[in-house]
Amino acid sequence: EVQLLESGGGLVQPGGSLRLSCAASGFSFGGYAMTWVRQAPGKGLEWVSSVGSGGDTYYTDSVKGRFTISRDNSKNTLYLQMNSLRVEDTAVYHCAKGGIGEGGLYNWGQGTLVTVSS
Amino acid sequence: QSVLTQPPSVSAAPGQKVSISCSGSSSNIGSRSVSWYHQLPGTAPKLLIYDNNKRPSGIPDRFSGSKSGTSATLGITGLQTGDEADYYCGTWDDSLNAGVFGGGTKLTVL
């Protein structure tokens, strides 16, 4: 059974940093693209970033230069380093197995809440 | 403003059929595979359709997907009260070089 467990969320002041982790199990982690999707309170889904099985990375414009996605295939873990956080980054962050294009986001974690507030 | 356009809400009676549209452009739906997700209140999203019209194992055949040009459609037949949820389309956008979602459609089963 595929399991994705996010951690690392919390309350942070504007301008601060957080690192999210997503521990994966139940599949061959290194063979799949992985994606971060966020959902602000009461809002829709927003694609944030993805990393391919080969390590290629992609970001939505609003986080470019501030967020860094990475993966450690030896630990079956996906990361999202978030710097220079803004109030508008407040959201539940989900990790998902796959890419939003071909194949879809096949499995999702329950998410971790990031609150950016002074 | 989302890159992909969905109606904010749709409604139908139990047992009836509903369609949810997702409109995009040549740089996204027109050239890429579309996936559909539903999200029950307080839960994580779940994949319903991938590669335009394929269903993951465990998704009943009441759910179907299609794509024509720069638009995609999710169809749901035999509506059940348990289908009440938010539905999202998603795909890759070659111009943005990023993933995109529609704004979401709230389905109400009256």
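To find a chain, count down the sequence lines: A is the first, B the second, and so on, and within it residues start at 1.
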Can you tell me how far the [atom1] atom of [X] sits from the [atom2] atom of [Y], to the nearest 0.5 Å?
{"X": "B:R62", "Y": "B:D83", "atom1": "CZ", "atom2": "CG", "result": "4.0 Å"}
{"X": "B:D86", "Y": "B:L40", "atom1": "CG", "atom2": "CG", "result": "9.0 Å"}
{"X": "A:E6", "Y": "A:L113", "atom1": "CD", "atom2": "CG", "result": "11.5 Å"}
{"X": "A:K97", "Y": "A:T35", "atom1": "NZ", "atom2": "OG1", "result": "11.5 Å"}
{"X": "B:L48", "Y": "B:S64", "atom1": "CG", "atom2": "OG", "result": "10.5 Å"}
{"X": "B:T105", "Y": "B:Y87", "atom1": "OG1", "atom2": "OH", "result": "10.5 Å"}

(message) Counting only non-hydrogen atoms closer than 4.5 Å, can you tell me which residues of residues 13-31 of chain A sit against chain B?
(response)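 Result: none.
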(message) Give the interface residues of residues 68-79 of chain A toward chain B, defined by a heavy-atom separation under 4.5 Å.
(response)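 Interface residues of residues 68-79 of chain A: none, nothing closer than 4.5 Å to chain B.
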(message) To check you understand the geometry: which heavy-atom pair defines the closest contact between B:W92 and A:S50, and what is its length?
(response)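 Looking at all heavy atoms of both residues, the closest pair is CZ3-OG, 4.2 Å.
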(request) Indicate the atoms forming the closest heavy-atom contact of A:V48 with A:V63, along with that distance. (result)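 Scanning both residues, the minimum pair turns out to be O-CG2, 4.0 Å.
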(request) Please list all pairs passing the salt bridge (Lys or Arg N to Asp or Glu O under 4.0 Å) test where one or both residues lie in residues 42-53 of chain A, with sequence neighbours left out. (result)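 For residues 42-53 of chain A: A:R38-A:E46.
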(message) Using the rule given for side chain to side chain contact (heavy atoms under 4.5 Å, CB included), can you reason through A:L80 versus A:M82, listing the C-alpha separation, both sets of side-chain angles and the distance that settles it, and then say yes or no?
(response) CA-CA 6 Å; A:L80 187 67; A:M82 304 186 297; 3.8 Å; yes
(request) Determine, step by step, whether B:Y50 and A:Y106 satisfy the ring pair (Phe, Tyr, Trp, His ring centres under 6.0 Å) criterion, reporting the C-alpha distance in whole Å, the side-chain angles of both residues, the deciding distance to 0.1 Å, and the verdict. (result) CA-CA 8 Å; B:Y50 67 98; A:Y106 216 90; 5.7 Å; yes
(request) May I ask you to name which of B:G102, B:P45, B:A44 has the most heavy-atom pairs under 4.5 Å with chain A? (result)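 Winner by heavy-atom pair count: B:P45.
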(message) Around atom CD of A:E102, are there more than 12 heavy atoms from other residues, nucleotides or ligands closer than 6.0 Å?
(response)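 No, not enclosed.
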(message) Checking the side chain of B:D93 only, and the main-chain atoms of B:L96 only, is there a donor and an acceptor separated by less than 3.5 Å?
(response)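 Confirmed, B:D93 side chain pairs with B:L96 backbone.
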(message) Donor-acceptor check, side chain of B:H38 to backbone of B:A85, threshold 3.5 angstrom: yes or no?
(response)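 Not confirmed, B:H38 side chain does not pair with B:A85 backbone.
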(message) Quick check on B:N97 against chain A: is it the side chain, the backbone, both or neither that has a heavy atom closer than 4.5 Å?
(response)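 When you check distances to chain A, atoms from both the backbone and side chain of B:N97 fall under 4.5 Å.
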(message) Heavy atom to heavy atom, less than 4.5 Å: which residues from residues 2-36 of chain B reach chain A?
(response)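 From residues 2-36 of chain B, the residues near chain A are B:S33, B:S35.
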(message) Taking the basic N atoms (NZ, or NE/NH1/NH2) and the acidic carboxylate oxygens, is any pair closer than 4.0 Å for A:D89 and A:R86?
(response)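 Result for this pair is no, no salt bridge flagged.
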(message) Need one label for A:V92: side chain, backbone, both or neither, based on atoms under 4.5 Å from any heavy atom in chain B.
(response)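 A:V92 has no heavy atom closer than 4.5 Å to chain B.
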(message) As an exercise: rank A:Y59, A:Y58, A:W108 by heavy-atom pairs under 4.5 Å with chain B and give me the winner.
(response)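 Ranked by contacts with chain B, first place is A:W108.
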